[in-house]
Asks: 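This is the structure I want to talk about, given as structure tokens.
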Amino acid sequence: MSQITGTSSSTSSFTSSNSNGIDSLSQDQFLNLIVTELQNQDPLEPTDNAALLNQVSQLRSLAANDKLTSTLTGFSITQELTTASNLIGKNVEGLDTNGDAVNGVVSSVSVSIDENNRNNRQIQVHVGTQKVDIKNIREILPST
């Protein structure tokens, strides 16, 4: 397969599953790379059909992995939310969002969404006026 000048390292990174190449590209970036390669190929030596099919297969695999990751992230968030809601009314110890120690009864649960990355969500329990990330709960104490 012919290569676009200046992209030989990017093209070779697609063939190695151990490199950072394909894992670090988004689906759109990968598709743009294939289209650019096809537009700039040598007409006297067109791209091998098998190589093109291999790249399309990699694109489909990337899309499937992206969908699987989204699905698993959704399950993880649901599981954390269920776990957090079961803590309502229970006494917990942990660290609040500032890293300060918290000890008290969980009154409610909330989901914090990162505006820069909508898939980045944190489940937090409310202990008094403090918020504790579900991952920062250190101990669930017997109710008093």
Side-chain angles (χ1 to χ4, degrees), residues 1-41 46-144:
M1 174 176 14
S2 64
Q3 296 178 348
I4 303 169
T5 305
T7 61
S8 59
S9 63
S10 295
T11 304
S12 65
S13 67
F14 290 122
T15 59
S16 171
S17 61
N18 293 332
S19 70
N20 290 336
I22 196 166
D23 293 335
S24 64
L25 288 177
S26 71
Q27 185 175 353
D28 290 337
Q29 290 171 325
F30 184 70
L31 186 57
N32 285 336
L33 183 61
I34 289 175
V35 169
T36 301
E37 185 173 343
L38 288 173
Q39 288 173 341
N40 293 300
Q41 70 179 328
T47 302
D48 178 26
N49 286 340
L52 182 60
L53 288 175
N54 184 33
Q55 289 181 340
V56 170
S57 173
Q58 288 176 344
L59 179 61
R60 287 184 178 163
S61 176
L62 180 64
N65 285 340
D66 188 44
K67 185 173 182 175
L68 179 61
T69 299
S70 283
T71 300
L72 291 175
T73 299
F75 284 139
S76 174
I77 289 169
T78 300
Q79 181 63 38
E80 285 182 5
L81 188 57
T82 301
T83 301
S85 65
N86 286 331
L87 294 175
I88 294 175
K90 298 203 174 162
N91 196 14
V92 297
E93 282 186 7
L95 301 174
D96 68 6
T97 54
N98 296 323
D100 298 327
V102 174
N103 183 349
V105 176
V106 175
S107 59
S108 64
V109 175
S110 64
V111 179
S112 171
I113 300 173
D114 183 353
E115 292 301 321
N116 296 324
N117 180 2
R118 307 273 311 156
N119 292 327
N120 186 13
R121 300 175 183 181
Q122 294 181 338
I123 310 299
Q124 298 174 330
V125 297
H126 297 248
V127 178
T129 60
Q130 297 169 305
K131 293 181 183 179
V132 179
D133 189 323
I134 187 78
K135 295 173 185 169
N136 288 337
I137 293 177
R138 302 292 179 234
E139 188 173 5
I140 302 170
L141 305 168
S143 297
T144 55

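Just so it is clear, the model here is predicted, and its values are computed rather than measured.
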Asks: Taking atom CZ of Arg138 as the centre, report whether more than 12 heavy atoms of other residues, nucleotides or ligands fall under 6.0 Å from it.
Replies: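 Atom CZ in Arg138 is crowded, with more than 12 foreign heavy atoms closer than 6.0 Å.
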Asks: Testing the basics here: between Ile137 and Ile140, what is the closest heavy-atom pair and its distance to 0.1 Å?
Replies: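 It is CG2-CG1, 4.3 Å.
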Asks: Taking only residues two or more places apart in sequence or in another chain, which ones pass side-chain contact (heavy atoms from CB on, under 4.5 Å) with Ser107?
Replies: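 Testing Ser107 for side-chain contact (heavy atoms from CB on, under 4.5 Å), a comparison that skips the adjacent residues, returns His126.
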Asks: To the nearest 0.5 Å, what is the distance between OG on Ser108 and NZ on Lys131?
Replies: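 One gets 9.0 Å once the value is rounded to the nearest 0.5 Å.
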Asks: State, yes or no, whether a side-chain contact exists between Val127 and Asp96 at a heavy-atom distance under 4.5 Å.
Replies: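 Counting from C-beta outward, Val127 and Asp96 never come under 4.5 Å.
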Asks: If you apply the rule side chain to side chain contact (heavy atoms under 4.5 Å, CB included), what do you find for Glu80 with Lys135, and how did you get there?
Replies: CA-CA 9 Å; Glu80 285 182 5; Lys135 295 173 185 169; 3.2 Å; yes
Asks: Looking at every non-hydrogen atom in both residues, tell me the closest pair between Pro142 and Asn91 and how far apart they are.
Replies: O-CB, 4.2 Å
Asks: What residues, two or more places apart in sequence or in another chain, satisfy salt bridge (charged side-chain N to carboxylate O under 4.0 Å, His left out) together with Lys90?
Replies: none
Asks: Quick one: does Ile77's side chain get under 4.5 Å of Thr73's, heavy atoms only?
Replies: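 Touching, per the 4.5 Å side-chain cut-off.
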Asks: Considering non-hydrogen atoms only, spot the tightest contact between Thr97 and Gln124 and give its length.
Replies: CG2-NE2, 3.6 Å
Asks: Hey, does the side chain of Ser76 reach the backbone of Leu72 with a donor-acceptor pair shorter than 3.5 angstrom?
Replies: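 Looks like no, no N/O pair under 3.5 Å.
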Asks: Return the set of residues passing side-chain hydrogen bond (donor to acceptor under 3.5 Å, both in side chains) with Asn136 (not counting sequence neighbours), or none when no residue passes.
Replies: none
Asks: Any donor-acceptor pair under 3.5 Å linking the side chain of Ser61 with the backbone of Ser57?
Replies: no
Asks: Is any side-chain heavy atom of Leu87 closer than 4.5 Å to one of Val109?
Replies: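 Result no, sub-4.5 Å side-chain heavy-atom pair not found.
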Asks: For the residue pair Ala84 and Ile123, what are the closest heavy atoms and their distance?
Replies: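 Looking at all heavy atoms of both residues, the closest pair is CB-CG2, 3.6 Å.
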Asks: Once rounded to the nearest 0.5 Å, what's the spacing between atom CG of Leu81 and atom OG of Ser110?
Replies: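 Atom-to-atom, Leu81:CG and Ser110:OG are 9.5 Å apart.
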Asks: Heavy atoms, side chains only, cut-off 4.5 Å: are Val132 and Val92 in contact?
Replies: no
